[in-house]
Amino acid sequence: MQPYAVIVDDSLESSETLAILLELEGYTAATAATLAEARARIAARRPDALILDRALPDGQGMDFVSEALSGGPMTIVMLTGTSDPGDAAEAIRRGASAYLVKPATIQQLKAVLDEAQQGVRQAA
């Protein structure tokens with residue numbers, strides 16, 4: 001089965017473009033513009049990866065990391081326009097696998113996802 005990713009970003013154009021790029025890399029992808037939509041996507045099918053923007057209309061992506069991980073392991077990548085070393089450290093402390101600053105390339109994102117998937121396979 002193909003790995004599944006949920007992209008949570010209130011920029012519809014960005015999230016749809018990223019979904020297409022991930023699909024070209026072998027993922028099944030869904031998008032969500034809010035944390036409420038992300039919760040619904042996760043409830044319907046637990047993703048292997050969650051690509052999460054920092055600021056969303058109904059809350060902060062940073063605050064959602066712990067909630068998303070409470071249902072079990074998944075790779076979380078914060079993908080944000082905010083370049084702040086303190087935020088990056090906090091995201092990692094909360095359980096995110098990486099903190100990428102927009103405009104990150106698909107290669108950067110894929111490298112993080114591949115590394116996380118390799119870790120999952122080794123742990124199994």
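Keep in mind it's a predicted model, so treat the numbers as computed, not measured.
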Measure the OG-NZ distance between Ser14 and Lys102 for me, rounded to the nearest 0.5 Å.
5.5 Å
Could you check whether any side-chain N or O of Arg46 sits under 3.5 Å from a backbone N or O of Gly72, counting only pairs where one atom can act as donor and the other as acceptor?
yes
Would you say Leu35 ends up clustered with Met74 if hydrophobic residues are merged whenever their side chains have heavy atoms under 4.5 Å apart, either directly or through other cluster members?
yes
Within the structure provided, determine whether Asp10 and Pro57 are in side-chain contact (heavy-atom separation under 4.5 Å).
yes
Would you indicate whether the side-chain heavy atoms of Asp48 and Thr75 approach each other to under 4.5 Å?
no
If every non-hydrogen atom of Ala32 is compared with every non-hydrogen atom of Ala38, which pair is closest and at what distance?
CB-N, 3.6 Å
Backbone N or O of Ala33 within a donor-acceptor pair of the Glu37 side chain at under 3.5 Å?
yes
Got a second to check how far Glu23's CD is from Leu21's CG, nearest 0.5 Å?
9.5 Å
Test item: Thr82 side-chain N/O and Asp84 main-chain N/O as donor-acceptor pair under 3.5 Å
no
Contact check, side chains of Glu67 and Arg39, non-hydrogen atoms, under 4.5 Å
yes
Evaluate the side-chain proximity of Leu52 to Val6: yes if any heavy-atom separation is below 4.5 Å, no if none is.
no
same_hphob_cluster(Ile42, Leu69) at 4.5 Å side-chain heavy-atom cutoff
yes
Write down the atom of Ala96, the atom of Val65, and the distance for their closest heavy-atom approach.
N-CG1, 3.9 Å
Minimal heavy-atom distance between Ile106 and Glu25, with the atoms involved, is CG1-CG, 4.2 Å
Residue pair Thr31 / Ala19: nearest heavy atoms and the distance that separates them:
CG2-CB, 4.0 Å
For Ala98 and Val112, work out which heavy atoms get closest and say how close.
CB-CG1, 3.6 Å
CG of Leu22 to CG of Leu113: how many Å apart, nearest 0.5 Å?
6.5 Å
Please determine which of Thr105, Leu109, Ile51, Thr80 meets the side chain to side chain contact (heavy atoms under 4.5 Å, CB included) test together with Leu100.
Leu109
Under a 3.5 Å distance rule, please check whether Arg54 uses its side chain to pair with a backbone N or O of Leu79 as donor and acceptor.
no
Within 45 degrees of the ring normal and closer than 6.0 Å to the centroid, is that where the cationic atom of Arg45 sits relative to Tyr4?
yes
In Å, rounded to the nearest 0.5 Å, how long is the span from CD1 of Ile76 to CZ of Phe64?
7.5 Å
Is a donor on one side and an acceptor on the other found under 3.5 Å between the side chain of Glu16 and the backbone of Glu13?
no
Contact between Leu56 and Gln60 at the side-chain level, heavy atoms closer than 4.5 Å - yes or no?
no
Shortest non-hydrogen contact from Tyr99 to Ala91?
CD1-CB, 3.8 Å
Check salt bridge (Lys or Arg N to Asp or Glu O under 4.0 Å) between Asp58 and all other residues, then give those that pass, not counting sequence neighbours.
none
Is there side-chain contact between Met78 and Asp87, with heavy atoms separated by less than 4.5 Å?
no
Any side-chain heavy-atom pair from Leu50 and Val8 closer than 4.5 angstrom?
yes
